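Following: one structure in C-alpha cells, then a few remarks.
Not measured: the values here are computed from a predicted model. Chain letters run A, B, ... following the sequence lines, proteins first, then strands; residues in each count from 1.
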Number of protein chains: 2
Amino acid sequence: MSEPGVGGESLLFLTDEQLRKGIEAMFFAYRGFTADPDRILDGMDYGRAHHRAIHFIHRTPGTTVNNLLNILGVTKQSLNRVLRTLVEDGLVESRVGREDKRERHLFLTPRGAELERALSDAQRARMRAAYRAAGPQAVQGFRQVLEAMMDPDLRRQFQSQKESGA
Amino acid sequence: MSEPGVGGESLLFLTDEQLRKGIEAMFFAYRGFTADPDRILDGMDYGRAHHRAIHFIHRTPGTTVNNLLNILGVTKQSLNRVLRTLVEDGLVESRVGREDKRERHLFLTPRGAELERALSDAQRARMRAAYRAAGPQAVQGFRQVLEAMMDPDLRRQFQSQKESGA
DNA sequence: AATTTACGTCAGCCTTGTTGACTTTCCAAG
DNA sequence: CTTGGAAAGTCAACAAGGCTGACGTAAATT
C-alpha cells in the first residue's frame with residue numbers, strides 16, 4: 001500500500017512468502033541458538049531456565065530478584081524454584097540488600113561463574129561462526145530486525161542497556 | 001583472521017560484547033516473535049506445540065507424521081498427543097497413504113486452515129512491521145545470520161525448500 | 001517367513017510455566 | 001507508634017509439553 005516513488009523493486013521483501021520464510025528461519029535458528037547450552041545442561045540437574053538466570057546474573061551482578069523477574073518474564077514462583085536450586089548448589093549467592101533489606105541481590109559464586117563461562121562460550125562460538133559467515137553488514141541488519149521485533153518495553157530496556165555499554 | 005585490506009574497522013563486530021548483545025537480542029526478539037500467537041492460543045485448549053504442527057501442515061499439506069517429526073525435532077509420542085487433539089477437534093485430517101498405507105498424510109480442514117490463518121496473520125503482522133522498520137537490506141542480513149546459526153542439517157532442508165519456493 | 005518401518009498408545013517421569021493463598025520482613029506515611 | 005503496602009519467600013496444586021520405555025498392529029521389504 002502507498003509507498004510512493006519507490007518503484008517496483010521495493011516491498012518484494014514484504015510478501016507473505018518472504019515473511020513465512022523469515023518466520024521459519026527464526027524458528028530453526030532459535031533451535032540452533034539454544035542447542036549447545038542445552039547439551040551442556042542436560043546431564044546436570046539444570047535446564048534452560050537455569051541458563052537464563054545465570055546469564056542475566058552474570059550480566060548484571062547484584063541485580064535483585066524483581067529485576068530478574070521483569071527481564072525473564074516469568075512469575076516469582078517459577079524463578080524462585082530455579083534460583084533456590086542454584087543457591088543450594090552454591091552457584092549463586094543471594095545477599096540481603098544493604099539499603100533495602102527486603103531485596104536480595106544476586107551474584108554468581110566462582111563455581112557459578114565457571115558454569116556461566118562454559119555455557120556462554122558454547123553459545124558465543126555458534127554466534128561468532130554465524131556472524132563471521134554472514135559478515136558485518138548482515139550482522140547490522142540482523143540486529144536491526146531483531147530489535148524491531150521485540151515488544152516495545154523490552155526494546156527500550158535493551159537499547160538503553162546498549163547505550164551505556166557502547 | 002585474514003580479510004586483507006579491510007584494516008582496523010573489521011572484526012569489531014565479533015567482540016564478546018557484541019556477541020552477548022546478539023544473544024540477548026535473539027532471546028528478547030524470540031519472545032516478541034511468539035507473543036501474538038501465544039495470546040491467541042491461550043484461552044483455547046492449544047499451545048505453541050499445536051501452532052507449530054498447524055504451521056508445518058499448512059506449509060506442506062499431505063506431509064507424513066515422520067516428516068513432521070523430523071522438522072519439529074520432537075518424539076512421536078509428544079507430537080502424537082498434539083496431533084490427536086487436533087484431529088479429534090476437526091482441525092487436522094489424517095489420511096492413510098495411497099502408495100504406502102502405513103503412512104498418514106496430514107491436511108488442515110477448513111477449520112484448521114481458519115485457525116492457521118489467524119495465527120499466521122498475527123505473526124506475520126509483527127514480522128512485517130519489523131521488516132518494514134528495518135528495510136530490505138537489513139532483512140537480507142537478518143536472514144543470512146539466521147541461516148548461518150542453524151544446525152547444518154536443518155539449514156540444508158531450509159535452503160532447499162527455499163530454492164523450490166523462489 | 002522374518003524383519004523392518006510407520007504409526008499409535010499406555011504409563012510414567014521431568015522441567016518449567018501458571019494461580020492462589022499465606023507469611024515474614026521492612027519501609028514509609030499517618 | 002502503628003499500620004498499610006511492597007518485596008520476597010513458601011506451599012500447594014496444576015498444566016503444557018518435552019522425554020523414555022514398552023507394546024501392538026499393519027504394511028512393506030528382504
Which of the following nucleotides, D:dA8, C:dG17, D:dC19, is nearest to the side chain of A:Arg104?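 Between D:dA8, C:dG17, D:dC19, the one nearest the side chain of A:Arg104 would be D:dA8.
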[Y] and [X], any side-chain heavy atoms less than 4.5 Å apart:
X	Y	value
B:Thr109	B:Val92	no
B:Leu115	B:Tyr46	yes
B:Ile71	A:Phe28	yes
B:Asn67	B:Thr60	no

Nucleotide [N], atom [atom2] - distance to [atom1] of [X] in whole Å:
X	N	atom1	atom2	result
B:Asn66	C:dT4	CG	P	17 Å
B:Leu69	D:dG18	CG	C1'	13 Å
B:Asn70	C:dA6	CG	C1'	12 Å
A:Asn67	D:dA7	CG	P	11 Å
A:Asp38	C:dT15	CG	C1'	12 Å
A:Leu83	D:dT10	CG	C1'	14 Å
A:Arg81	D:dG9	CZ	C1'	14 Å
A:Tyr46	C:dC14	OH	P	17 Å

Less than 6.0 angstrom from the centroid, inside 45 degrees of the normal: does A:Arg52 satisfy that with respect to the ring of B:Phe27?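 Because its charged atom misses either the 6.0 Å distance or the 45° angle limit, A:Arg52 does not stack over B:Phe27.
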In residues 47-63 of chain B, what residues come within less than 4.0 Å of DNA chain C, judged by heavy atoms?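 Of all residues in residues 47-63 of chain B, none places a heavy atom under 4.0 Å from DNA chain C.
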Closest approach of A:Val82 to A:Ala53 (non-hydrogen atoms, all atoms of both residues):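 In terms of heavy atoms, the two residues are closest at CG1-CB, 4.2 Å.
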Going by distance alone, is a donor N or O of one side chain under 3.5 Å from an acceptor N or O of the other, for B:Glu24 and A:His55?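 Yes, a side-chain donor-acceptor pair sits under 3.5 Å.
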A:Thr85 and A:His50 side chains, donor-acceptor separation under 3.5 Å: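 Yes, side-chain donor-acceptor contact under 3.5 Å.
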Can you check each nucleotide of nucleotides 20-30 of chain D against protein heavy atoms at under 4.0 Å and return B for base, S for sugar-phosphate only, - for none, in 5' to 3' order? BBB----BS--
Can you spot which of B:Leu83, B:Asn66, B:Leu69, B:Leu68 makes a side-chain contact (heavy atoms from CB on, under 4.5 Å) with B:Lys76?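 Going through the options one by one, the only one that passes is B:Leu69.
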For A:Gly97, report the nucleic acid contact type (base, sugar-phosphate, nothing); a contact means any heavy atom under 4.0 Å.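 No contact at all - A:Gly97 keeps every heavy atom at 4.0 Å or more from the nucleic acid.
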OP1 or OP2 of C:dC7 under 4.0 Å from side-chain N/O of B:Asn80: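 No, outside the criterion.
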A:Val82 or B:Arg84: which one's nearest nucleotide on DNA chain C is closer to the 5' end?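 The answer here is B:Arg84.
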